[in-house]
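Data block below; observations after.
Quick note on labels: first sequence line is chain A, next is B, and so on, each numbered from 1.
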Amino acid sequence: MTNTSTKTFMYLLRGGISETKLSPEQMQKMVEKYMNYIQDLRDKGHFIAGEPLEETGKILSGERGRKVTDGPFTESKEAVGGYFVIRAKDLAEAVELSRACPILANGGEIEVRPIQKIPGM
Amino acid sequence: MEFEAKVSQLVEHLFREETGKIISALTGSFGLRNLELIEDAVQEALLKALRLWSYGNIPPNPAAWLMLVAKNHALDHLRRDTRWREKEEQIALEQAHSTSTEAQLIFSEDEIKDDQLRMMFATCHPALARESQVALTLKLLCGFSMEEIAHAFLTKTETIAKRLTRARDRLKTNAVPFEIPSGPDLTPRLDAVLDALYLLFNEGYNASQGDDLIRRDLCDEAIRLTSLLAEHPAGDTPRTHALLALVLLQAARFSARINFDGEILLLQDQDRAAWDQKMIARGLIHLERAAAGEKISQFHLQAGIAACHCVAQTYDATDWKKILQLYDMLLQIDDSPVIALNRAVALGRVKGPDSCLAALERIEDQKRLSNYHLFHAVRGECYLQTGRIAEAANDFRCALSLTSIPAEQNFLQKKLREIAT
């Protein structure tokens, strides 16, 4: 469980599960794939957190959020559906670890972003 | 809760089985007239689970979570639906509201079981065609998708879609009640359910081709639903126990058999250690309980035959006399050529291959069997045993041309090679 890597990364997950024709059995198989993926990250000490995001929220812009719009829309593939925070030694390893995420096989995409460390803190 | 513990919450087929339970329970609350809406709500709940649980957070009681979310989705749909203003539904809605918000307490286990039984009596209602009964049962009680049902029946998804739509319409136009029948209605309605479950089992057990996994699932579902019936006072009849005994005793040998429906042909080659002894024990218990009645049904006799095979320590120790007796009785109820063929095999075991050949000749419906590969395989075997090699080869070749099952093709090719040497 101990992992000496100190760098943290965020996976932003987009798209993937929009298929509504899936059978209950297929859906369960898919959940199990994700669980196994997370389990593997945990076993190797990479996993820190993971959460889904609510389907809708508000998007604010302008001074003091003068402009407020509904969004994002989950239908759009660009919408972030959830995130994982993981620990890895560098970006290359973080990218490598993301490859096994089942969302990729489902047509979704993962944005791997190093969480920036603020020097001196 | 520990992560590992959460993973184990997802028991095998949880989504599929809960689908059947939730659809039944919600139909108990909102009525068969809202069936499509309920099915949609359950599908939405499952999708929501898929979306949320994929990040590693499975609720402590996944089944109760699904039930609660599906119910809330159904209520949302009903509110949006203008029809919900009708009094009756308003009452149902209010009742649903008044129940506890604690997911676990929405429906008790017994209520869910009763609702599944009510659903069985609805999906197997005599107003529906037999094939529609089975398809609808798989969809509503077993959580199969249209694609999976089509796959199991080796037919097109559109065919199943049409069949299901027609069946749902029939439920409405015939005002099929969502209830467990009672009084004089019970026996014929129960018989209809048992016949449909028997067909469901056979779809899985006897299919000549197709995916082994999904066929095994059909058998398991037939066992699950028949067990549910047998446990309930309304379904606890000798005939139900006979069917349950039959499906258990057959399924116990599912993975060990090489051949479908022709277990007598290849039984000698089966690894008896691979038979599921727990299932056999369960089957025998139900066979005993089936004996409580006065009527002997097809299920009784077939279960009896299966039991003879299951309890035989070796192939040679099989009680063929008893099997022959049971087939004789079975023929009196159902004179199908396939049963006559199986009886001829049993006769051959008791009295020798010449008797079997004579019996085969006497099968009146022989014409209907001329395209049945097992008829030729059985006759070929008899010819072989009586030294009529040319006739045997002829029949094996004929059988080979009639089967598309690889295991059977291999078996027959091996036979032909043995004859040639």
Inset, instruction - Evaluate the ring pair (Phe, Tyr, Trp, His ring centres under 6.0 Å) criterion for residues A:Tyr34 and B:Tyr55: first the C-alpha distance (whole Å), next the side-chain angles of each, then the deciding distance (0.1 Å), finally the verdict. - result: CA-CA 7 Å; A:Tyr34 277 95; B:Tyr55 290 87; 7.0 Å; no
[atom2] on [Y] to [atom1] on [X], rounded to 0.5 Å:
| X | Y | atom1 | atom2 | result |
| --- | --- | --- | --- | --- |
| B:Thr19 | A:Glu25 | OG1 | CD | 9.5 Å |
| B:Trp53 | A:Met30 | CH2 | CE | 15.0 Å |
| B:Ser54 | A:Ile38 | OG | CD1 | 7.5 Å |
| B:His13 | A:Lys29 | NE2 | NZ | 6.5 Å |
| B:Asn57 | A:Met35 | CG | CE | 8.0 Å |

Look at atom [atom1] of [X] and say whether more than 12 heavy atoms of other residues, nucleotides or ligands are closer to it than 6.0 Å.
| X | atom1 | answer |
| --- | --- | --- |
| A:Arg113 | CZ | no |
| A:Lys67 | NZ | no |
| B:Arg170 | CZ | no |

Legend entry - With sequence neighbours excluded, residues passing salt bridge (charged side-chain N to carboxylate O under 4.0 Å, His left out) with A:Asp40: A:Lys44
Inset, instruction - Heavy-atom distances under 4.5 Å only: say whether A:Tyr37 touches chain B with side chain, backbone, both or neither. - result: neither
Legend entry - For B:Asp76, side chain to side chain donor-acceptor pair (under 3.5 Å) partners two or more places apart: B:Arg79
Legend entry - Per-residue contact mode, B:Glu12 against chain A (heavy atom under 4.5 angstrom): backbone
Inset, instruction - Looking only at non-hydrogen atoms, find the nearest pair between B:Leu47 and A:Met27 and report the distance. - result: N-SD, 3.8 Å
Legend entry - Criterion side-chain hydrogen bond (donor to acceptor under 3.5 Å, both in side chains) against A:Ser23, the qualifying member of B:Glu148, B:Arg16, B:Glu147, B:Gln43: B:Glu148
